[in-house]
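What follows is a single structure, written as structure tokens, with notes after it.
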Amino acid sequence: MFRVSGRRLAAVTRSVASRRTLASSATRGVVGMEALATGSTSALRNLAVRAPLVSKRGLKQISFGGTTEPVYERADWPIEKLREYFKNDTLALIGYGSQGHGQGLNLRDNGLNVIVGVRKDGASWKAAIEDGWVPGKNLFEVEDAAKRGTIVMNLLSDAAQSETWPKLQPLLTEGKTLYFSHGFSPVFKDLTHVAPPTNIDVILVAPKGSGRTVRSLFKEGRGINSSYAVWNDATGNAHEKAQALAVAIGSGYVYPTTFEKEVLSDLYGERGCLMGAIHGMFLAQYEVLRENGHSPSEAFNETVEEATQSLYPLIGQRGMDYMYDACSTTARRGALDWYPIFKDALKPVFQDLYASTKNGSETKRALEYNSQPDYRQKLESELDTIRNLEIWKVGKEVRKLRPENN
Ligand SMILES: NC(=O)c1ccc[n+]([C@@H]2O[C@H](COP(=O)([O-])OP(=O)(O)OC[C@H]3O[C@@H](n4cnc5c(N)ncnc54)[C@H](OP(=O)(O)O)[C@@H]3O)[C@@H](O)[C@H]2O)c1
């Protein structure tokens, strides 16, 4: 009864956004005023370089719970403007995993000059051919593509970025741009040895979702939300270029961040509420129910099924207070009493996790594990362990009995 479709939700979000008082300012105008007010040579130079776009740029200032933050949006970059902006560029997409697939096809559909670079005859090479990339035309081996590209988009796995860096680095000559979708490699350069040249623009666009979602939202005419950051601004245009690329790969709203903040929040979040913590919480609750004589189906329904099918979508659509309000007075009272106890028990674990992320331990572990030649087999064996846990075997059966599957 409370479920709202994604499309409807997007419409609601848009209408709420449009009702907000948004202090919209033309970035070019701000740059121009800064240049005239300060007489700064660099500001004047930027003004001269960027002048043609003056009337079209916009930047929203949105209050997020009382903190005002800038947000860029794709309306600032209509397709003709994107094509004009990148008309002299070759976008060399290195790697064709989840992000390479999503970002690459979106760039191609947007009519930009994009080529793919992957190792020959690997899984990605075959996947790229299936997606219509043609060897020798717009599909090349990694180094060949990097040589041809003016914007080199490093979408290899984070471990492979470290491994391939000695070959890639000499190809990143002056005038090129280096792009990442994660701050991992440059931020932890002491571990990854990926130290980008200081004389080129180095930028990041990190979609807040998998590459498959980057693609599916683009095909639906919507855009994924992304963050963007600048590591080196050698040309003075790196911010604008990153914002344009964010839209070109299929982003809707684009949140500014730094490489450091992006990588720390991302590594922390996926180990926490997004994946690790939620799995740990499900297992703990399920095990206690089973130890107290509840049947597998009852334990699963009360732990995972009701959460994912009924209550968590309400949090996503309308917030935690709305979900509480949609539940019984008995449920509400209990949850109000117990959430601070869970928070207090869990906060030290999250503090340890953040520290482990910040001091590089998580990066070190990811690099060591994912650089092993048999990492795919080892991963598969760990996923198999999860697959064979009673809780997830029960889930498979419970899913078959969902109303939509009858
Ligand atoms: N996936 C996400 O949800 C997501 C979201 C936001 C940002 N990101 C970031 O986007 C970047 C790409 O991630 P991804 O998930 O799309 O890719 P991925 O699955 O981690 O990496 C796949 C690519 O790396 C290549 N590769 C692996 N080892 C290699 C080696 N030794 N030499 C050459 N190529 C190698 C693979 O080629 P083969 O097929 O030949 O092995 C494949 O093309 C990462 O920085 C990631 O952190 C990912």
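Each ligand, and each atom within it, is numbered from 1 in the order the structure gives. Note that the structure is a prediction, hence the values are computed from the model and not measured.
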- Measure the distance from atom 15 (O) of ligand 1 to every protein heavy atom, then report the residue, atom name and distance (to 0.1 Å) of the closest one. Ser98 CB, 4.1 Å
- Task: Pick, from Arg119, Glu270, Lys120, the option with the minimum heavy-atom distance to atom 30 (C) of ligand 1.
- Result: Arg119
- Message: Judged on heavy-atom distance to atom 16 (O) of ligand 1, which of His182, Gln99, His101 sits nearest?
- Response: Gln99
- Message: Could you identify the single nearest non-hydrogen protein atom to atom 19 (O) of ligand 1 and state the distance to 0.1 Å?
- Response: Gly97 CA, 4.2 Å
- Taking the non-hydrogen atoms of Pro207, is any one of them nearer than 4.0 angstrom to ligand 1? yes
- Message: Do Gln161 and Ser185 pair up side chain to side chain, a donor and an acceptor below 3.5 Å, judged on atom types alone?
- Response: yes
- Going by heavy atoms, is Tyr96 under 4.0 Å from ligand 1? yes
- Message: Among all the protein's non-hydrogen atoms, which is closest to atom 24 (O) of ligand 1, and how far away is it?
- Response: Ser157 N, 3.1 Å
- Query: Are any of the heavy atoms in Gly209 under 4.0 Å away from ligand 1?
  - Reply: yes
- Task: May I ask you to identify the nearest protein heavy atom to atom 12 (C) of ligand 1, giving residue, atom name and distance to one decimal place in Å?
- Result: Leu155 O, 3.3 Å
- Message: Taking the cut-offs as 6.0 angstrom to the six-membered ring centre and 45 degrees off its axis, would you call Arg148 and Phe140 a cation-pi pair?
- Response: yes
- Quick note, salt bridge (charged side-chain N to carboxylate O under 4.0 Å, His left out) partners involving residues 109-129, not counting sequence neighbours, are Asp109-Arg215
- Measuring from the heavy atoms of Arg376, does anything fall under 4.0 Å of ligand 1? yes
- Please indicate whether Tyr339 has more than 12 foreign heavy atoms, meaning atoms of other residues, nucleotides or ligands, lying under 6.0 Å from its OH. no
- Message: Apply side-chain contact (heavy atoms from CB on, under 4.5 Å) to residues Asn113 and Phe86 and explain how you reach the verdict.
- Response: CA-CA 8 Å; Asn113 178 23; Phe86 291 114; over 6 Å; no
- Item | Test of ring centre spacing under 6.0 Å for Trp392 and His279 | yes
- Message: Could you identify the single nearest non-hydrogen protein atom to atom 3 (O) of ligand 1 and state the distance to 0.1 Å?
- Response: Ser210 CA, 3.3 Å
- Query: Between Lys400 and Glu397, is a salt bridge (charged side-chain N to carboxylate O under 4.0 Å, His left out) present by the stated rule, with each step listed?
  - Reply: CA-CA 5 Å; Lys400 289 181 195 161; Glu397 297 311 311; 3.1 Å; yes
- Item | Contact check: Ser124 vs ligand 1, nitrogen or oxygen atoms, below 3.5 angstrom | yes
- Query: Can you find a side-chain donor-acceptor pair between Tyr72 and Trp77 that sits under 3.5 Å?
  - Reply: no
- Task: Tell me yes or no: between the side chains of Glu69 and Ser63, is some donor less than 3.5 Å from an acceptor?
- Result: no
- ligand 1 and Asp158, any nitrogen or oxygen pair closer than 3.5 angstrom? yes
- Query: Tell me, which pairs form a salt bridge (charged side-chain N to carboxylate O under 4.0 Å, His left out) where one or both residues lie in residues 190-209, sequence neighbours left out?
  - Reply: Asp201-Lys241
- Query: ligand 1 versus Gln103, non-hydrogen atoms closer than 4.0 Å: side chain, backbone, both, neither?
  - Reply: neither
- Per-residue contact class, Glu163 against ligand 1 - non-hydrogen pairs under 4.0 Å: side chain
- On the 0 to 90° scale, with breaks at 30° and 60°, tag the Phe259-Phe180 ring pair as parallel, tilted or perpendicular. perpendicular
- Check if Gln161 has a non-hydrogen atom at a distance under 4.0 Å from any atom of ligand 1. yes
- Starting from atom 7 (C) of ligand 1, locate the nearest protein heavy atom and write down its residue, its atom name and how far away it is, to 0.1 Å. Ser181 O, 3.3 Å
